[in-house]
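From a predicted model like this one, the values you see are computed outputs, not experimental measurements. Hydrogens, waters and symmetry mates play no part in the numbers below; they use all other heavy atoms, side chains included. First the proteins, then the strands, lettered A, B, ... as listed; each starts at 1.
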Number of protein chains: 2
Amino acid sequence: MSTQSVVTAIRVLEAVSDNQPAGLSELSREVDVPKATVLRMLRTLGELGWVAQSEAQAGKWVLTNHAFAVASRGSSGSVIRDAAMGPLNALQLDTTETVHLAVPDRGYMLIIERLDTPHVLRAFLPLGSRLPMHASSTGMAYLSAADEAFVDDYLAGPLEALTPQTVVDPARLQAMIADTRARGYSINEQGLSTGITSIGVPLLGSGGVAAGSISISGPSSRIVPAKYQEYGEAAAGTALEISRALGAFSTKGY
Amino acid sequence: MSTQSVVTAIRVLEAVSDNQPAGLSELSREVDVPKATVLRMLRTLGELGWVAQSEAQAGKWVLTNHAFAVASRGSSGSVIRDAAMGPLNALQLDTTETVHLAVPDRGYMLIIERLDTPHVLRAFLPLGSRLPMHASSTGMAYLSAADEAFVDDYLAGPLEALTPQTVVDPARLQAMIADTRARGYSINEQGLSTGITSIGVPLLGSGGVAAGSISISGPSSRIVPAKYQEYGEAAAGTALEISRALGAFSTKGY
DNA sequence: AACCAACGGTTCATCTAGTGAACCAGCGAC
DNA sequence: GTCGCTGGTTCACTAGATGAACCGTTGGTT
């Protein structure tokens with residue numbers, strides 16, 4: 001790989017992101033690069049306005065909002081977001097529950113948009129959250145549309161349990177994926193966060209490959225089994241509309 | 001500045017962000033670096049998963065979601081966001097209008113959080129949007145709490161008009177900032193986007209320095225002058241609560 | 001149909017600029 | 001008092017970044 005100082009800098013940046021607020025020695029260990037080099041990177045990134053020393057704790061480094069500003073323009077303006085926002089807005093108004101738009105990122109589902117419920121009791125998932133695929137309805141929905149090799153690969157990796165309800169058994173997860181495929185939507189009952197239930201549906205991009213997913217989520221007291229089908233079908237309809245806009249079923253082109 | 005290849009790489013990254021989807025020559029001109037170097041940077045950033053060639057247009061580069069995922073953790077987990085979310089949630093429920101949380105970033109206001117209105121007619125501002133300070137209620141609120149030198153400096157720069165209603169005259173803007181200070185909240189009537197009105201209030205961080213702002217916004221048909229005072233005072237109350245949590249009025253420490 | 005200018009991408013000799021082992025000073029635990 | 005950790009500094013060495021000049025294509029003009 002060329003331009004290794006750039007590689008080091010980005011690895012430092014990601015390490016800061018993962019360990020905020022992070023100390024110098026800690027980062028040095030994390031990216032396995034001498035402290036002097038890490039410090040030089042931090043200072044350079046600092047001059048560029050991407051990281052800064054924490055005000056609260058001197059010597060600890062944090063990402064700045066500027067990094068967020070630059071990177072946000074990645075997902076906004078993206079094809080999938082533009083295609084999704086209209087239908088998603090309608091889905092939110094229809095169901096009155098919180099809806100999310102998620103795309104895959106290195107084995108996690110990355111939440112790139114959210115439209116809130118008006119209910120007083122609401123779950124809160126900041127944008128940019130990364131959810132394990134097996135522990136979220138968006139993730140299971142995505143897996144149900146992803147190719148087999150990817151799924152097997154994912155299920156072979158270590159699967160963390162986030163709550164007592166999180167399913168981590170690969171065989172059971174395979175069965176759940178099959179159910180999702182048959183039913184058209186995934187259901188996650190408190191597997192991500194206690195007291196939260198959500199329903200997910202995959203989105204297909206051009207060529208019909210899995211591109212992301214959408215979900216409806218809320219407190220388990222409101223998202224009860226009696227509503228699963230209604231919400232699942234509503235989300236599936238919305239997803240179909242988005243997938244169509246993404247050219248999933250287009251015959252011209254390929 | 002040291003580690004210049006890193007500087008170049010980041011500048012390329014920011015240029016991609018600003019010009020998406022961006023071509024090689026375009027980027028080369030933008031950052032004033034030879035094409036060969038820009039290309040090397042793009043490839044390195046590509047291997048790291050931060051940029052990729054656009055699927056739609058070969059040879060055009062775009063930011064990936066991974067960049068978003070890494071950088072998102074900058075604002076989430078930040079002191080201001082944590083302090084703001086609770087009170088902001090209450091404010092949204094109270095007013096039923098969309099509320100925003102914004103922080104300054106290089107002369108713009110950066111939207112880092114949003115809580116949606118349940119109304120069918122709703123404005124939509126993606127997170128990560130950067131708004132000119134003089135054209136937004138969040139920006140004017142921030143300016144009303146910023147120190148004089150900063151304000152003068154900002155008003156001296158070129159001020160773009162986003163709509164026919166955008167005020168760009170420095171003298172008038174100074175007067176509006178004074179009004180905001182006296183009143184406790186800023187009002188922006190269609191200066192950012194036609195048909196949208198919003199009310200902003202500054203947030204103070206530790207030591208009482210301007211740290212960001214919050215706003216209530218919606219269609220001008222709903223956010224009418226008769227409601228300005230009610231919303232302004234509600235937002236001011238919320239802002240006070242947040243500023244207090246940020247240690248703006250703390251006597252210990254300084 | 002011949003031209004031109006711009007595009008994305010490649011090459012390679014030059015020498016700048018990034019590296020990292022060894023080094024401080026300061027702090028808290030025991 | 002001293003050990004082990006922290007954040008931070010120094011500097012000789014050479015690995016690795018640089019950029020002018022190049023190529024093959026494409027799309028618009030005349």
Side-chain angles (χ1 to χ4, degrees), chain A residues 1-64 67 74 77 79 252-254, chain B residues 1-64 67 74 77 79 253:
Chain A
M1 208 185 287
S2 54
T3 52
Q4 63 147 290
S5 70
V6 173
V7 174
T8 307
I10 296 288
R11 289 184 57 219
V12 168
L13 193 65
E14 301 205 5
V16 171
S17 170
D18 286 339
N19 301 67
Q20 280 190 67
L24 178 60
S25 303
E26 186 183 355
L27 292 169
S28 168
R29 256 177 277 118
E30 197 78 27
V31 300
D32 197 27
V33 156
K35 282 192 296 177
T37 303
V38 172
L39 186 61
R40 198 152 19 81
M41 294 309 174
L42 286 171
R43 287 220 247 256
T44 302
L45 291 170
E47 285 175 53
L48 291 163
W50 280 63
V51 302
Q53 300 244 32
S54 164
E55 289 172 33
Q57 304 164 70
K60 297 286 185 176
W61 297 82
V62 294
L63 285 185
T64 62
V79 189
K252 37 180 173 181
Y254 30 87
Chain B
M1 209 186 285
S2 54
T3 52
Q4 65 147 288
S5 71
V6 173
V7 174
T8 307
I10 296 288
R11 289 183 56 220
V12 167
L13 193 66
E14 301 204 6
V16 171
S17 169
D18 285 338
N19 301 67
Q20 277 189 62
L24 177 61
S25 304
E26 186 183 356
L27 292 169
S28 167
R29 258 178 275 117
E30 197 79 26
V31 300
D32 196 27
V33 156
K35 282 193 296 178
T37 303
V38 172
L39 186 61
R40 198 150 19 82
M41 294 307 174
L42 287 171
R43 288 220 246 255
T44 302
L45 291 169
E47 285 174 54
L48 292 162
W50 281 62
V51 303
Q53 300 245 32
S54 163
E55 288 172 33
Q57 305 164 71
K60 296 285 185 176
W61 297 82
V62 294
L63 286 185
T64 62
V79 189

Side chain of A:Ala36 (C-beta onward), nearest among D:dA17, C:dG20, C:dA17
C:dG20
Starting from C1' on C:dG18, measure out to CD1 on A:Ile10 and report it in whole angstrom.
16 Å
Any donor-acceptor pair under 3.5 Å from A:Thr44 side chain to A:Arg40 backbone:
yes
Just compare C:dG9, C:dG18, D:dG19 and give me whichever is closest to any side-chain atom of B:Thr37.
D:dG19
Under 3.5 Å, is there a donor-acceptor pair between the side chain of B:Thr64 and the main chain of B:Ala52?
no
Nearest 0.5 angstrom please: B:Leu39 CG to B:Arg43 CZ, how far?
4.0 Å
Atom-pair distance (CG on A:Leu42; P on D:dG8), nearest Å
9 Å
Applying salt bridge (Lys or Arg N to Asp or Glu O under 4.0 Å), which residue pairs with at least one partner in residues 23-38 of chain B are found, sequence neighbours left out?
none
What is the minimum heavy-atom distance between B:Lys60 and B:Gly23, and which atoms define it?
CD-N, 3.9 Å
A:Leu39 CG to C:dA22 C1', straight-line distance once rounded to whole Å:
16 Å
Rounded off to whole Å, could you give me the CZ-to-C1' distance for the A:Arg40 and D:dC11 pair?
12 Å
Separation of B:Met41 atom CE from C:dT10 atom C1', in whole Å?
17 Å
Enumerate the residues from residues 26-34 of chain B whose closest heavy atom to DNA chain D is under 4.0 Å, giving them by residue number; use none for an empty result.
B:Pro34
Test side chain to side chain contact (heavy atoms under 4.5 Å, CB included) on B:Thr3 and A:Ser5; report intermediate values, then the result.
CA-CA 7 Å; B:Thr3 52; A:Ser5 70; 5.5 Å; no
Rounded distance in Å - CZ (A:Arg43) to P (C:dG18):
15 Å
How long is the straight-line distance from CH2 of A:Trp61 back to CG of A:Asn19, given to the nearest 0.5 Å?
15.0 Å
What is the distance from CG of B:Asn19 to P of C:dG8, rounded to the nearest Å?
12 Å
One would report the end-axis bend of the helix from C:dA1-D:dT30 to C:dC30-D:dG1, five pairs per end and rounded to 10 degrees, as 40°
Side-chain N or O of B:Gln4 versus OP1/OP2 of D:dG19: is the shortest distance under 4.0 Å?
no
Between the protein and nucleotides 23-29 of chain C, list the N/O to N/O atom pairs that are separated by less than 3.5 angstrom.
none

Side-chain atoms of residues 7-16 of chain B: list all donor-acceptor pairs with protein atoms under 3.5 Å, sequence neighbours left out, distances to 0.1 Å.
unit_1: B:Thr8; atom_1: OG1; unit_2: B:Gln4; atom_2: O; d: 2.9
unit_1: B:Arg11; atom_1: NH1; unit_2: B:Val31; atom_2: O; d: 3.4
unit_1: B:Arg11; atom_1: NH2; unit_2: B:Val31; atom_2: O; d: 2.9
unit_1: B:Glu14; atom_1: OE1; unit_2: A:His66; atom_2: NE2; d: 3.4
unit_1: B:Glu14; atom_1: OE2; unit_2: A:Trp50; atom_2: NE1; d: 2.7
unit_1: B:Glu14; atom_1: OE2; unit_2: A:His66; atom_2: NE2; d: 3.1

Report the residue from B:Asp18, B:Val38, B:Val33 that forms a side-chain contact (heavy atoms from CB on, under 4.5 Å) with B:Leu27.
B:Val38
Out of C:dG8, D:dG7, C:dG18, whichever nucleotide has its closest atom nearest the side chain of B:Ser25
C:dG8
Closest approach of B:Ser28 to B:Pro34 (non-hydrogen atoms, all atoms of both residues)
OG-C, 3.9 Å
Close side-chain approach of B:Leu24 to B:Leu42, heavy-atom, < 4.5 Å:
yes
